[in-house]
Amino acid sequence: MQASFSRYYAGLLFVPEACENAVLQRFNWSSLVPLQLWGRTLGLQAEDSEFRLEGMPFRIFGGSMHYFRVPKEYWRDRMVKMKTCGLNTLTTYVPWNLHEAASGKFDFSGNLDLEAFLTLAAEVGLWVILRPGPYICSEWELGGLPSWLLQDPDMQLRTTYKGFTEAVDAYFDHLMARVVPLQARGPIIAVQVENEYGSYAKDPQYLTYIKMALLDRGIVELLMTSDNKDGLSSGYVEGALATVNFQKVDSSFLVYLDTVQQNKPKMVMEYWTGWFDSWGGPHNVFDADDMVNSVAEVLKTGASINLYMFHGGTNFGFMNGALDFDEYKPDVTSYDYDAVLTEAGDYTSKFFRLRQLFTKIIGQPLPLPPMITDKASYGAVLLPQYVSLWEVLPSIVEPIKSEFPVNMENLPVNDGNGQAYGYTLYETVISGGGQLHSRDNVRDRAQVFVNTVFVGFLDYNTVELSIPEGQGFRQLRLLVENCGRVNYGLMLNEQRKGLIGDVFLNKTPLRNFKIYSLEMKPGFMESLRGLTAWSTIPDYAVGPAFFRGNLQVQYLPQDTFLKLEGWEKGVVFVNGENLGRYWKIGPQETLYLPATWLQPGNNEVQEDGLNTLKLPCCSCQCRIGCVQELLISPATNMSSDLEESGQYLWEQFNPI
């Protein structure tokens, strides 16, 4: 039986009996599932030292999974894996900056269909703890807050500042109307008030405001707060159950909860199953045995637990966050997190060890986990077509003329919402050379060009460059990348991007700019397809550029990964979907490409008078002059015995 079972579950580990002391009593919750308690009246209660759900003893065995980090087609698979691991509750954040990317325009469609996600959780048999923010942290761009809030120069995020609360009220009006019906007649059993506010704590009235914003719009389920130990006292609000976040178990953490609230259920809202990575840093790994032993230790106390993350997924697009404690560090694209499931949703040893532990506690067999999905290797893909940014600028982007530099958020684009992500190009005219000094006004990374000649970088560490002397008037160009807004800490109000102040040449501030917004939105990528300027890659190319090529997929697509050997830095689009950033400094070496973003058959160039691509492509940015080749293959621990197939169009953008 063991041999045949492992045949279907690659990487399945049979470990010896362990963690017996975690099982103080059996906890059979098989009858406590959403569809059997539809229309419940009591909900989840925390009146004494244990949770009760509809009057029956209940423990939360939860796992975090974010719908916005996982393709919609994979939601059910990940939820079923959560259920078969022994969990009964799913927790998810809600990202304001995706649902209201432009002020007053709301999107709950497609991969942002929160109601469909919550309804599916109920069908699978999972309860839901909803964490609607408005701030979510989560290593997500600006902690989930929309960048247009920063157009107000006096904005005070996460406070009762009028400009902020008015925006929150308008957002909550739309959000709560969607989730309120999914309480008693749905899977929601608890709602979190903001997120880790004790580590911010700039306004003592703020948590009460958020609590009332929830209650006034019809939230009736149990309210919770979530903080690390140091933030518990400042992050607690009357009328909500305080919970704690940590990774390494310290008995004082749970004991400390009693000093905030006596005789209440204890819960670890975020037990960190791994950790995230930052560009240029190490790849973080948390030992599976240490993790499971810590979970067992928490459960031994009788506490409830939520595994953050059960499945991390991906920071697709430009949505990665950053930290800034003495040094700015943007997060990588992958949100694998060394979690219970991999970025692609595959099992890890943590899954099977946890499943064994929860089986003992539940006291009955769990359903078999789903079979893993195959991964494909598509080999190397050449990107033979090329167009320079300098060639296409005049035809695809209308410049904004300004005497002074303007930060991204305050550019007059996107119907007055400013630019949120991507790149901004600042051009001005100079008549000589000398010392260019940023005065630390570049956010976050600028490539500097004189005409089309690359001079160097300006960033947080490099604030000065030498500009060579030259004859006559020349263009000075600063191509500035927003590498990701800070998502945690006290710097949230300082997250405006682009040029946030004057840049000086020989101590004289530069003036009279042409500013190009390069947000890489679908309309921009569409305009690239119609260009006649595409050509074969020259032997040597200078400056930022776009590339494209073909990948063939003859049969049903499978998940795969892009390995960008030889490429410097950039972002990849496949069929209009933004896979995210890559950067040679690591630690991330591949980009996850879900099968749902591929399709069988040929994607071909259609001559419509303007070389229009019939379907979008993949778009990347990297150093020009490197090897123009992508290797598309499964990760080393995944199945690769699949036939290579199909046809895909790729496009790439390459600042250095």
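Note that the structure is a prediction, hence the values are computed from the model and not measured.
Each of Phe316, Tyr74, Tyr592 was checked for a ring pair (Phe, Tyr, Trp, His ring centres under 6.0 Å) with Trp597, and the lone residue meeting it is Phe316. Remark: of the listed residues Leu149, Leu157, Leu150, Leu157 is the sole one forming a side-chain contact (heavy atoms from CB on, under 4.5 Å) with Leu492.
For the pair Trp275 and Asp338, the minimum side-chain heavy-atom distance is 4.5 Å or more. At a threshold of 4.5 Å between non-hydrogen side-chain atoms, the residues Tyr335 and Phe276 count as touching. Taking the side chain as every heavy atom from C-beta outward, Val442 and Ile500 never approach each other to under 4.5 Å. With contacts defined as side-chain heavy-atom distances shorter than 4.5 Å, the pair Glu398/Tyr516 does not qualify. Between Gln558 and Thr373, the closest side-chain pair of non-hydrogen atoms is not below 4.5 Å. Proximity of Tyr582 to Leu564: side-chain heavy atoms (C-beta onward) are separated by under 4.5 Å at one or more points. Using a 4.5 Å heavy-atom cutoff, the side chains of Lys401 and Ile515 are not in contact. By the 4.5 Å heavy-atom criterion applied to side chains, Phe513 and Leu510 are counted as neighbours.
Remark: aromatic rings of Phe325 and Tyr328 are distant, center separation not under 6.0 Å. In this structure, Tyr93 has its ring center under 6.0 Å from that of His66.
Partners of Gln156 according to the side chain to side chain contact (heavy atoms under 4.5 Å, CB included) rule, which considers only residues two or more places apart in sequence or in another chain, are Thr159, Tyr161, Asn493. Looking at residues two or more places apart in sequence or on another chain, you find no salt bridge (charged side-chain N to carboxylate O under 4.0 Å, His left out) involving Glu343. Under the ring pair (Phe, Tyr, Trp, His ring centres under 6.0 Å) criterion, His283 pairs with no residue at all, not counting sequence neighbours. With sequence neighbours left out, the salt bridge (charged side-chain N to carboxylate O under 4.0 Å, His left out) criterion links Asp324 to no other residue.
Relative to the ring axis of Tyr200, Arg158 places its NZ or CZ within 45° and under 6.0 Å from the centre. Relative to the six-membered ring of Trp140, Arg485 misses at least one condition, a distance below 6.0 Å or an angle of at most 45° to the axis.
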Point to revise | ring-ring contact (aromatic ring centres under 6.0 Å, His included) between His99 and Tyr171, intermediate numbers included | key: CA-CA 9 Å; His99 289 297; Tyr171 169 56; 7.0 Å; no
Exercise for review: List the steps, then state whether side chain to side chain donor-acceptor pair (under 3.5 Å) holds for Asn111 with Tyr67.
Suggested key: CA-CA 7 Å; Asn111 227 85; Tyr67 58 100; over 6 Å; no
Exercise for review: Verify side chain to side chain donor-acceptor pair (under 3.5 Å) between Gln435 and Ser466, making sure each step is shown before the conclusion.
Suggested key: CA-CA 5 Å; Gln435 291 303 111; Ser466 293; 2.7 Å; yes
Review point. What's the verdict on salt bridge (charged side-chain N to carboxylate O under 4.0 Å, His left out) for Arg477 and Glu427, showing C-alpha distance, side-chain angles and the deciding distance?
Key: CA-CA 5 Å; Arg477 291 163 155 165; Glu427 287 187 350; 2.7 Å; yes
Check your understanding: Could you walk me through whether His437 and Phe504 pass the ring-ring contact (aromatic ring centres under 6.0 Å, His included) check?
Key -> CA-CA 5 Å; His437 205 296; Phe504 293 77; 7.9 Å; no
Point to revise | Evaluation steps, side chain to side chain donor-acceptor pair (under 3.5 Å), between Thr424 and Gln419 | key: CA-CA 9 Å; Thr424 305; Gln419 180 179 341; 3.0 Å; yes
Exercise for review: Take Trp279 and Thr333, measure what side-chain contact (heavy atoms from CB on, under 4.5 Å) needs, and give me the verdict at the end.
Suggested key: CA-CA 9 Å; Trp279 287 115; Thr333 297; 4.3 Å; yes
Check your understanding: Run the salt bridge (charged side-chain N to carboxylate O under 4.0 Å, His left out) check on Arg581 and Glu481 step by step: do they pass?
Key -> CA-CA 11 Å; Arg581 310 174 205 260; Glu481 178 185 2; 2.8 Å; yes
Practice item. Go through the steps to decide whether Trp75 and Phe117 satisfy the test ring-ring contact (aromatic ring centres under 6.0 Å, His included), and finish with yes or no. Key: CA-CA 7 Å; Trp75 289 351; Phe117 181 76; 5.1 Å; yes
Point to revise | Criterion ring-ring contact (aromatic ring centres under 6.0 Å, His included) on Tyr135 and Trp96, from CA distance to verdict | key: CA-CA 8 Å; Tyr135 164 82; Trp96 183 5; over 10 Å; no
Exercise for review: Show your working on side chain to side chain donor-acceptor pair (under 3.5 Å) between Glu519 and Asn414 and close with a plain yes or no.
Suggested key: CA-CA 10 Å; Glu519 198 162 358; Asn414 296 326; 2.9 Å; yes
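Taking both residues in full, the closest heavy atoms of Asn482 and Ala420 are given as ND2-O, 3.2 Å, listed atom of the first, atom of the second, then distance. Of all the heavy atoms in Val332 and Pro587, the pair that sits closest is CG1-CD, 4.1 Å.
For residues 378-393, the set of pairs meeting the salt bridge (Lys or Arg N to Asp or Glu O under 4.0 Å) definition, not counting sequence neighbours, is empty. Sorted by first then second residue, the side chain to side chain donor-acceptor pair (under 3.5 Å) pairs that include residues 503-514, not counting sequence neighbours, are Asp502-Arg511.
Side-chain atoms of Glu409 come within 3.5 Å of backbone N or O of Lys497 as a donor-acceptor pair. When atom types are taken as modelled, the side chain of Ser388 and the backbone of Ala545 share no donor-acceptor pair closer than 3.5 angstrom. Asp107 places a side-chain N or O within donor-acceptor distance of the main-chain N or O of Ser109, the cut-off being under 3.5 Å. Looking at Gln588, its side chain does come within 3.5 Å of a backbone N or O of Ser334 through a donor-acceptor pair. Judged by distance alone, the side chain of Asn410 and the main-chain N or O of Gln151 form a donor-acceptor pair under 3.5 Å. Using a distance-only test at 3.5 Å, with no hydrogens or angles considered, no donor-acceptor pair links the side chain of Asp559 to the main chain of Lys375.
One finds the CG atom of Asn284 at 8.0 Å from the OG atom of Ser278 (value rounded to the nearest 0.5 Å). Interatomic distance, OG1 of Thr314 versus CG of Asn320, reported as 12.0 Å (0.5 Å rounding). Glu589 contributes atom CD, which lies 13.5 Å from atom NZ of Lys584 (distance to the nearest 0.5 angstrom). Put simply, OG1 on Thr596 and CG on Asn575 are 10.5 Å apart, with the number rounded to the nearest 0.5 Å. Residue Leu114 holds its CG atom at 10.0 Å from CZ of Phe68, rounded to the nearest 0.5 Å. Here Glu141 contributes atom CD and Asn487 contributes atom CG; the two are 9.0 Å apart, rounded to the nearest 0.5 Å.
We find that Lys329 and Asp326 are not joined by a salt bridge, their nearest charged nitrogen and carboxylate oxygen being 4.0 Å or further apart. Salt-bridge check for Lys105 with Glu100: failed, with every basic side-chain N at 4.0 Å or more from each acidic carboxylate O.
Under 3.5 Å, the side chains of Arg496 and Ser147 contain no donor-acceptor pair of N or O atoms.
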